[in-house]
Amino acid sequence: MEDGDSAVQSGLRDVGGEHEITRTAEGRVRRPYEQACRALLAVGSHVMPPVDVWQCLATDGQEWERFAAHWEELASDAYAAERGTRRLRRYGHFSLTRTGEISALPHDAFVQPEKSNPLYVDVNRHFEPLTDAFEAEPLLASLLRMLGRLAASLEDAQEWSAKVHPFRVLAHDGSHGQPTPEGRHRDGVTLVTSLLIGRDNATGGESTVYDRDGAELMTTTLSEPGTLLVGDDRATLHGVSPIRPLDATRPARRDVLVTTLTPC
């Protein structure tokens with residue numbers, strides 16, 4: 001890993017100044033990329049608020065609504081169902097170069113890296129691929145490039161393997177939905193991220209990040225769409241508490257996009 005400021009500068013190389021800086025209502029300058037990179041190096045995790053995420057992605061409400069609509073086309077996760085959780089998902093795999101070139105890779109089984117998720121090590125799990133429309137989504141490409149810049153503060157890689165997991169977790173009266181049925185875990189990657197797409201009628205879903213020894217570093221509930229939690233997966237573990245319905249007559253829903261990056 002690179003040291004301090006040099007690593008931050010590596011993470012920010014080639015970032016267009018247009019979207020690197022935001023201003024608060026009081027006129028104070030914010031540099032969301034720099035702030036995120038520094039937090040990843042110093043703490044191992046960071047929460048980016050929607051205003052920073054949307055500015056970095058140069059997106060608007062209409063584009064976000066189109067992106068969020070893809071969560072209406074997810075497929076059942078049979079592996080989660082075996083453990084009593086109703087979870088919908090799809091899976092996509094991309095390569096991302098240092099210069100921001102993105103290529104979709106052939107669809108294959110998802111294999112959990114060694115020394116990571118304790119439930120599924122060495123298990124080939126087969127999920128439905130991203131739809132063609134999701135795979136071609138401009139906002140997805142912008143997000144992958146943004147995450148590549150953050151990952152560059154942690155490791156210097158010419159090319160990244162980017163794995164994309166859109167999730168929907170549901171819970172009904174008398175039951176709960178487990179976003180992470182494996183509990184506290186690592187994903188065996190360099191950068192792990194969770195972008196909240198939406199949630200409805202849900203309580204719980206608290207995200208906690210721990211250091212390697214299990215000490216709590218951060219606890220947050222992703223409640224506002226567009227909030228992004230990023231973490232250095234090499235130095236941390238993470239987990240999410242169950243969700244339950246606020247109104248027992250309606251299901252609880254939590255939609256997120258989990259994206260991981262590791263050098264090719």
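Model, not experiment: these values are computed from the prediction.
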Heavy-atom closest contact ([X] atom, [Y] atom, distance):
X	Y	result
Pro263	Thr190	CD-OG1, 3.3 Å
Ala36	Leu150	CB-CD2, 3.8 Å
Val230	Leu191	CB-CD1, 4.4 Å
Ala202	Arg199	O-NH2, 3.0 Å
Arg244	Ala171	CA-CB, 4.3 Å
Gly226	Val53	O-CG2, 3.3 Å

[X] versus [Y]: any side-chain heavy-atom pair under 4.5 Å?
X	Y	answer
Tyr79	His126	yes
Asp52	Tyr33	no
Leu261	Val189	no
Arg145	Leu96	yes
Leu40	Cys37	no
Ser45	Asp232	no
Trp64	Pro225	yes
Thr227	Pro49	no

Using side chain to side chain donor-acceptor pair (under 3.5 Å) as the criterion, list what pairs up with [X], not counting sequence neighbours.
X	result
Ser161	His93
Asp211	none
Arg212	none
His238	His185, Asp187

Item to complete: Go through the steps to decide whether Leu140 and Glu135 satisfy the test side-chain contact (heavy atoms from CB on, under 4.5 Å), and finish with yes or no.
Response: CA-CA 8 Å; Leu140 177 61; Glu135 190 174 280; 5.6 Å; no

Test item: [X] side-chain N/O and [Y] main-chain N/O as donor-acceptor pair under 3.5 Å:
X	Y	result
Ser142	Pro138	yes
Asp233	Gly188	yes
Asn201	Asp247	yes
Ser207	Val240	no
Ser241	Glu206	yes
Thr59	Glu63	no

Students should find that the hydrophobic cluster of Ile243, defined by side-chain heavy atoms under 4.5 Å apart, otherwise consists of Val169

Using the rule that Ile, Leu, Val, Met, Phe, Trp and Tyr join whenever any side-chain heavy atoms are under 4.5 Å apart, tell me whether [X] and [Y] fall into a single cluster.
X	Y	answer
Leu237	Met218	no
Trp160	Leu143	yes
Val164	Val256	no
Leu57	Leu144	yes
Leu130	Ile102	yes

inquiry  = Salt bridge or not between Glu155 and Arg234? Use side-chain N to carboxylate O under 4.0 Å.
reply    = yes

* Asked: Under a 4.0 Å N-O cut-off, is there an ion pair linking Arg250 with Asp200?
  -> yes

### Asp60, CG atom: more than 12 neighbouring heavy atoms under 6.0 Å
yes

May I ask you to check whether over 12 heavy atoms, not counting those of Gln62, lie within 6.0 Å of atom CD? no

Open item on the list: As a quick check of understanding, evaluate salt bridge (Lys or Arg N to Asp or Glu O under 4.0 Å) for Asp156 and Arg98, giving each step before the final call.
Closed with: CA-CA 9 Å; Asp156 187 17; Arg98 182 196 292 268; 2.7 Å; yes

**OP:** Check whether the side chains of Thr221 and Ser223 place a donor and an acceptor atom closer than 3.5 Å, and report yes or no.
**Re:** no

Approximate separation, where rounding is to 0.5 Å, of [X] [atom1] and [Y] [atom2]:
X	Y	atom1	atom2	result
Asn124	Asp108	CG	CG	8.0 Å
Leu195	Met48	CG	CE	10.5 Å
Asp77	Arg168	CG	CZ	14.0 Å
Thr131	Glu137	OG1	CD	9.0 Å
His165	Thr259	NE2	OG1	7.5 Å
Arg90	Glu128	CZ	CD	5.5 Å

* Asked: When you look at Ser194 and Leu257, which way does the side-chain contact (heavy atoms from CB on, under 4.5 Å) test go after all the steps?
  -> CA-CA 6 Å; Ser194 183; Leu257 179 65; over 6 Å; no

Practice problem: Give a yes/no verdict on a cation-pi contact between Arg184 and Tyr210, requiring under 6.0 Å between NZ or CZ and the six-membered ring centre and an angle within 45° of the axis. | Solution: yes

Check whether Phe127 forms a cation-pi arrangement with Arg89 (NZ or CZ under 6.0 Å from the six-membered ring centre, at most 45° off the ring normal). yes

Applying side-chain contact (heavy atoms from CB on, under 4.5 Å), run through Lys163 and Thr262 and close with a yes or a no.
CA-CA 9 Å; Lys163 296 185 177 181; Thr262 194; over 6 Å; no

Paired with Leu147, the side-chain contact (heavy atoms from CB on, under 4.5 Å) test is passed by just one of Leu228, Val192, Thr260, namely Leu228

What's the verdict on side-chain contact (heavy atoms from CB on, under 4.5 Å) for Val258 and Phe167, showing C-alpha distance, side-chain angles and the deciding distance?
CA-CA 8 Å; Val258 173; Phe167 287 105; 3.8 Å; yes

Hits for ring-ring contact (aromatic ring centres under 6.0 Å, His included) against Phe134, two or more places apart or cross-chain, chain-then-number order -> Phe67, His70, Trp71

